[in-house]
Amino acid sequence: MGKPLKQYVAISGSTGFVGKNLLKFLIQKKLKCIPVLRSDLQEGELPPSKCSCFIHLVGTGNEIEDESFEKVNVEITRKAIDICKKSKIKKIIYFSGLGVSSKSTSKYFISKFKAERLIIKSGLDYTIFRPSYIIGNDDYLTRNLKKQIKKKKIVIPGTGNYIIQPISIKDACNVVHLAINSINFSKKIIDLVGPEKITFKQFLKNSTNNSNIEIEKIPSKKSIVYSSSHKKFPYSIEDLNILFGNFEGNHDKLRNISKIEFTKIRNI
Ligand SMILES: NC(=O)c1ccc[n+]([C@@H]2O[C@H](COP(=O)([O-])OP(=O)(O)OC[C@H]3O[C@@H](n4cnc5c(N)ncnc54)[C@H](OP(=O)(O)O)[C@@H]3O)[C@@H](O)[C@H]2O)c1
């Protein structure tokens, strides 16, 4: 019997935090990963390949002049779908955000919701993940906290009593790997959340190892004002929308579908 054929997957956003980790993980699992470049996305075309799945990780949570939420989160998703159709890739896996819904009012959430709708209506097979904070080496939240710790002061916007449900990057990669082939993930929207809910305040305390870092609470309304008026304020308006949204995900659904043992927060 000959060697089994390698499975090919296309990955956009492979230079980002999730993309880098996922690329490494899937290569270890003996998959052939084809990074989808910015130029491929612009042209809406991929060089010929035999990909069976497109993992679409391009996204931004930070709107800047030429890179609006609409352009990056919605229009590039449209291009990703075009590429799937042209290249006969039958399945797309997308990273949206925990809390995204038809009732979302923030620009970031609205753009993610629009992208979800494009995918659902595309006719492709899909898995849409809605992640909470994904934690690993050099992730977005830890990077932010490390910067604050360096200055010996951490800011808690509002009460800090709102919930987050972090998931380890290793578990996230594991789940995506399963979703590439398993029918259980087919045409589903799944919260990508860890097994424990923790208040943001407690998460920060754990991250400082209870050392002598000053913790300053700034009332929510003031934080919202500071997010746009104080350049050095550590949270953007979209960060605050996510935190104050107090979104809780359905971990049981994820565990039942994936059947993996998830990492507890203290072990991430
Ligand atoms: N990490 C989390 O905790 C988390 C939580 C919820 C949702 N998500 C979603 O998960 C996805 C991956 O997250 P991440 O943490 O890996 O994000 P990231 O580190 O910011 O990476 C974003 C990726 O998107 C690419 N990108 C941005 N703008 C682009 C554009 N205009 N054209 C083409 N590529 C562009 C970046 O390419 P360059 O390197 O070239 O800039 C990078 O590869 C994103 O959609 C994010 O919204 C992440």
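Ligands are counted one by one from 1 in listed order, and the atoms in each one are counted from 1 as well.
Nearest residue to atom 38 (P) of ligand 1 from Val100, Thr15, Ile167, Ile135 is Thr15 (criterion: closest heavy atom). Between Gly59, Gly97, Ser96, Ser39, it is Ser96 that holds the heavy atom closest to atom 7 (C) of ligand 1. When Ala115, Pro166, Gly16 are ranked by how near their heavy atoms come to atom 18 (P) of ligand 1, first place goes to Gly16.
Considering backbone and side-chain atoms together, Leu41 places no N or O closer than 3.5 Å to any N or O of ligand 1. By the 3.5 Å distance cut-off applied to N or O atoms, Val18 is counted among the residues near ligand 1.
Surrounding CD of Glu261 are at most 12 heavy atoms belonging to other residues, nucleotides or ligands under 6.0 Å away. Shown here is Lys253, whose NZ atom has more than 12 heavy atoms of other residues, nucleotides or ligands within 6.0 Å. Annotation: Lys188, atom NZ; neighbour count of heavy atoms from other residues, nucleotides and ligands within 6.0 Å is above 12. Around NZ of Lys88, the count of heavy atoms belonging to other residues, nucleotides or ligands within 6.0 Å does not exceed 12.
In this structure, the protein non-hydrogen atom closest to atom 41 (O) of ligand 1 is Arg38 NH2, 3.0 Å. Atom 48 (C) of ligand 1 has its closest protein heavy atom at Ile134 CD1, 4.3 Å. In terms of protein heavy-atom proximity, atom 11 (C) of ligand 1 is closest to Leu57 O, 3.3 Å. Summary of contacts: the protein heavy atom closest to atom 5 (C) of ligand 1 is Ser132 O, 3.4 Å. Scanning the protein heavy atoms around atom 47 (O) of ligand 1, the nearest turns out to be Lys112 NZ, 2.9 Å. In this structure, the protein non-hydrogen atom closest to atom 19 (O) of ligand 1 is Phe17 N, 2.9 Å. Of all protein heavy atoms, the one closest to atom 6 (C) of ligand 1 is Pro131 O, 3.5 Å. The shortest contact between atom 32 (N) of ligand 1 and any protein heavy atom is with Ile76 CD1, 3.3 Å.
Remark: side-chain polar atoms of Thr208 are not paired, donor with acceptor, to backbone N or O of Ile213 under 3.5 angstrom.
Short contacts between ligand 1 and Tyr133, defined as distances under 4.0 Å to a heavy atom of the residue, involve ligand atoms 3 (O). Counting atoms of ligand 1 from 1 in the listed order, those under 4.0 Å from a heavy atom of Phe95 are 9 (C), 10 (O), 11 (C), 45 (O). In the vicinity of Val58, heavy-atom distances shorter than 4.0 Å reach the ligand 1 atoms 24 (O), 26 (N), 29 (C), 34 (N), 35 (C), 45 (O). Counting atoms of ligand 1 from 1 in the listed order, those under 4.0 Å from a heavy atom of Glu67 are 28 (N), 29 (C), 30 (C), 31 (N).
Looking only at side-chain heavy atoms (C-beta outward), Lys114 and Glu70 come within less than 4.5 Å of each other.
Heavy-atom distances between Phe69 and ligand 1 stay at or above 4.0 Å for every pair.
Ring geometry, His251 versus Phe262: the interplanar angle exceeds 60°, so the pair is classed perpendicular (tilted spans 30 to 60°). Using a 30° and 60° split on the angle between ring planes, Phe203 and Phe200 fall in the parallel class, below 30°.
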Which is it for Asp82 and Lys85 under the salt bridge (Lys or Arg N to Asp or Glu O under 4.0 Å) test, yes or no, and what are the steps along the way? CA-CA 5 Å; Asp82 287 349; Lys85 291 190 172 169; over 6 Å; no
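Ring centroid separation for the pair Phe247 and Phe109 comes in under the 6.0 Å cut-off.
The two atoms that bring Thr15 and Lys20 nearest to each other are O-CE, 3.2 Å, heavy atoms only.
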